[in-house]
Every structure is written in C-alpha cells, then in structure tokens.
Peer 1: 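Dropping the structure in here first, questions after.
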Amino acid sequence: MKEVIYTEAAPKPIGPYSQAVKVGKMLFVAGQIPVDPKTGEVVKGGIKEQTRQVLENIKAVLEAAGYTLGDVAMAFVFLSDLNNFAAFNEVYAQYFPEKPPARVTVQAARLPRDVLIEIAVIAARE
C-alpha cells in the first residue's frame with residue numbers, strides 16, 4: 001500500500017504528483033527544484049545556491065516521512081549544463097559526507113522554471 005507524503009516545508013507540487021510516496025520501507029521523492037517553499041520563488045544565485053535549496057527541500061520531504069539524508073540510496077540529478085558539475089558536486093558532497101548514495105547525473109535540455117538543477121531521490125530503511 002502506498003502512502004502520500006506532504007510537507008509545507010518543501011515547495012508545493014506544481015502538477016498532478018506527490019512530493020513523495022512511501023511504499024513499504026522505501027520512499028520515492030519527486031524531483032525537487034530550487035524553489036524556496038516560503039516564497040514560492042526560485043532562489044537567487046548560481047548552481048551552488050540552487051543545489052543547496054534543492055537538497056534542503058529534499059531533506060524536508062525526507063524528514064516529513066521519518067527519513068534522513070543518510071537513508072538515501074539513489075539520486076537522480078538533472079543539470080541544465082554539465083559545466084556546472086564541479087560546483088554542484090562541491091555542495092552535494094557536504095550533504096552526503098559519508099556513504100553517499102548511488103547517483104545518475106545528466107544534462108537536461110530544459111528544466112521547469114528554467115532552473116539550473118533538479119534532483120529526485122529514493123530512500124530506504126531497514
């Protein structure tokens with residue numbers, strides 16, 4: 001049975017999808033973009049600022065479901081420009097300092113609201 005997860009601490013979905021869905025001990029977090037949940041606006045700045053906001057949004061959704069960043073098993077990263085990879089990776093490493101999740105990173109032709117990054121994750125608990 002699936003359980004829909006929702007928190008005001010992350011941006012509201014802008015379409016017919018859930019912030020996250022829990023199935024058994026697994027949590028599937030929808031792609032998060034760098035929107036400040038308080039203002040509904042894309043954060044100012046470059047890839048580092050946008051990466052930080054995306055990961056804070058993911059962290060908020062995980063916490064609403066009783067998970068942590070340490071439970072993330074897989075991350076799907078979409079960058080608008082792979083030239084931002086090193087700067088993105090610098091911030092990402094701060095959120096996953098030990099036992100980082102498996103990851104896919106690709107360049108996307110265009111992301112919602114013309115942001116620089118979107119990340120979706122899958123988390124699992126014992």
Side-chain angles (χ1 to χ4, degrees):
M1 182 159 54
K2 71 180 188 179
E3 174 187 352
V4 171
I5 305 299
Y6 177 79
T7 178
E8 292 284 332
K12 294 177 182 172
I14 56 173
Y17 63 90
S18 301
Q19 288 174 328
V21 174
K22 184 177 176 189
V23 179
K25 296 180 179 184
M26 298 186 70
L27 184 70
F28 301 86
V29 180
Q32 296 293 308
I33 62 173
V35 170
D36 181 333
K38 294 175 187 158
T39 65
E41 298 298 322
V42 174
V43 295
K44 304 258 189 260
I47 189 65
K48 288 184 178 183
E49 293 80 9
Q50 288 198 11
T51 300
R52 192 168 290 107
Q53 184 64 56
V54 167
L55 291 168
E56 288 297 324
N57 292 345
I58 288 171
K59 187 176 169 186
V61 175
L62 289 166
E63 289 175 355
Y67 289 71
T68 69
L69 287 169
D71 296 317
V72 175
M74 184 71 191
F76 303 90
V77 179
F78 304 91
L79 296 173
S80 65
D81 184 347
L82 278 176
N83 289 318
N84 287 329
F85 182 80
F88 145 75
N89 222 28
E90 190 179 311
V91 175
Y92 182 91
Q94 295 170 8
Y95 284 82
F96 298 103
E98 295 180 17
K99 297 183 181 179
R103 186 176 84 191
V104 173
T105 305
V106 298
Q107 179 170 306
R110 189 169 181 202
L111 295 169
R113 297 179 71 176
D114 293 318
V115 298
L116 303 176
I117 185 168
E118 180 172 358
I119 303 175
V121 301
I122 299 172
R125 300 195 69 171
E126 293 286 330

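This is a predicted model, so every value here is computed, not measured.
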Peer 1: Should side-chain heavy atoms under 4.5 Å link Ile, Leu, Val, Met, Phe, Trp and Tyr, which residues sit in the same cluster as Ile14?
Peer 2: Tyr17
Peer 1: State, to 0.1 Å, how close Pro97 and Gln94 come at their nearest heavy-atom pair, and which atoms those are.
Peer 2: CD-O, 3.7 Å
Peer 1: Could you walk me through whether Arg125 and Leu27 pass the side-chain contact (heavy atoms from CB on, under 4.5 Å) test, one step at a time?
Peer 2: CA-CA 9 Å; Arg125 300 195 69 171; Leu27 184 70; over 6 Å; no
Peer 1: With a 4.5 Å cut-off on side-chain heavy-atom distances among I, L, V, M, F, W and Y, is there a chain of contacts connecting Phe85 to Val106?
Peer 2: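 Per the 4.5 Å side-chain linkage, Phe85 and Val106 are not co-clustered.
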Peer 1: When hydrophobic residues are tied together by side-chain contacts of less than 4.5 Å, even through go-betweens, does Leu62 share a cluster with Val21?
Peer 2: no
Peer 1: Go through Val23 and Lys2 one step at a time and tell me if the side-chain contact (heavy atoms from CB on, under 4.5 Å) criterion holds.
Peer 2: CA-CA 5 Å; Val23 179; Lys2 71 180 188 179; 3.8 Å; yes
Peer 1: Can you measure from NZ (Lys48) to CD1 (Ile117) and round to the nearest 0.5 angstrom?
Peer 2: 13.0 Å
Peer 1: So, taking the atom named CD in Glu90 and the one named CZ in Arg52, what distance separates them when rounded to the nearest 0.5 Å?
Peer 2: 9.0 Å
Peer 1: Would you name the heavy atoms of Pro34 and Gln50 that are closest together and state the gap between them?
Peer 2: CG-OE1, 3.3 Å
Peer 1: Side-chain contact test, heavy atoms from C-beta onward, threshold under 4.5 Å: evaluate it for Ile58 versus Val61 and give yes or no.
Peer 2: no
Peer 1: What closest approach, in Å, do Arg113 and Ile33 show between heavy atoms, and which atom pair accounts for it?
Peer 2: CD-CD1, 4.1 Å
Peer 1: Between Pro37 and Pro11, what is the shortest heavy-atom contact and its length?
Peer 2: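 Scanning both residues, the minimum pair turns out to be CB-N, 3.7 Å.
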Peer 1: Within the structure provided, determine whether Leu116 and Asp81 are in side-chain contact (heavy-atom separation under 4.5 Å).
Peer 2: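 Contact flag for Leu116/Asp81 side chains = no.
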Peer 1: Under 4.5 Å between side-chain heavy atoms, counting indirect links through other Ile/Leu/Val/Met/Phe/Trp/Tyr residues: same cluster for Val115 and Phe76 or not?
Peer 2: yes
Peer 1: Mind checking the CD-OG spacing from Gln107 to Ser80? Nearest 0.5 Å is all I need.
Peer 2: 7.0 Å
Peer 1: Does Glu49 use its side chain to pair, donor to acceptor, with the backbone of Val43 at less than 3.5 Å?
Peer 2: no
Peer 1: Once side chain to side chain contact (heavy atoms under 4.5 Å, CB included) is applied, do any residues pair with Lys25, and if so which ones, sequence neighbours excluded?
Peer 2: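 Side chain to side chain contact (heavy atoms under 4.5 Å, CB included) check on Lys25 returns nothing, list empty.
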Peer 1: If hydrophobic clusters are built from ILVMFWY residues whose side chains come within less than 4.5 Å, do Leu79 and Val91 share one?
Peer 2: yes
Peer 1: Please give me the minimum heavy-atom distance between Phe78 and Leu111, naming the atom from each residue.
Peer 2: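 Minimum heavy-atom contact is O-CD1, 3.5 Å.
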Peer 1: State the CD-CG distance between Glu126 and Asp71, to the nearest 0.5 angstrom.
Peer 2: 9.5 Å
Peer 1: Working to the nearest 0.5 angstrom, can you tell me the gap between Glu56 CD and Gln32 CD?
Peer 2: 12.0 Å
Peer 1: What is the minimum heavy-atom distance between Ala64 and Ile5, and which atoms define it?
Peer 2: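 Minimum heavy-atom contact is CB-CG2, 4.1 Å.
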Peer 1: Side chains of Val54 and Phe88: closer than 4.5 Å at any heavy-atom pair?
Peer 2: no
Peer 1: Both conditions, 6.0 Å and 45 degrees, for the charged tip of Arg103 above the ring of Tyr92: are they met here?
Peer 2: yes
Peer 1: Sequence neighbours left out, what passes side chain to side chain contact (heavy atoms under 4.5 Å, CB included) with Glu8? Give chain and number order.
Peer 2: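 Here the qualifying residues are Tyr6, Lys12.
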Peer 1: Are Val77 and Tyr95 in one and the same hydrophobic cluster, where Ile, Leu, Val, Met, Phe, Trp and Tyr link if side-chain heavy atoms are under 4.5 Å apart?
Peer 2: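 Both belong to a single hydrophobic cluster.
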Peer 1: side-chain contact (heavy atoms from CB on, under 4.5 Å), that's the test. Do Asn89 and Thr51 meet it? Break it down for me.
Peer 2: CA-CA 9 Å; Asn89 222 28; Thr51 300; over 6 Å; no
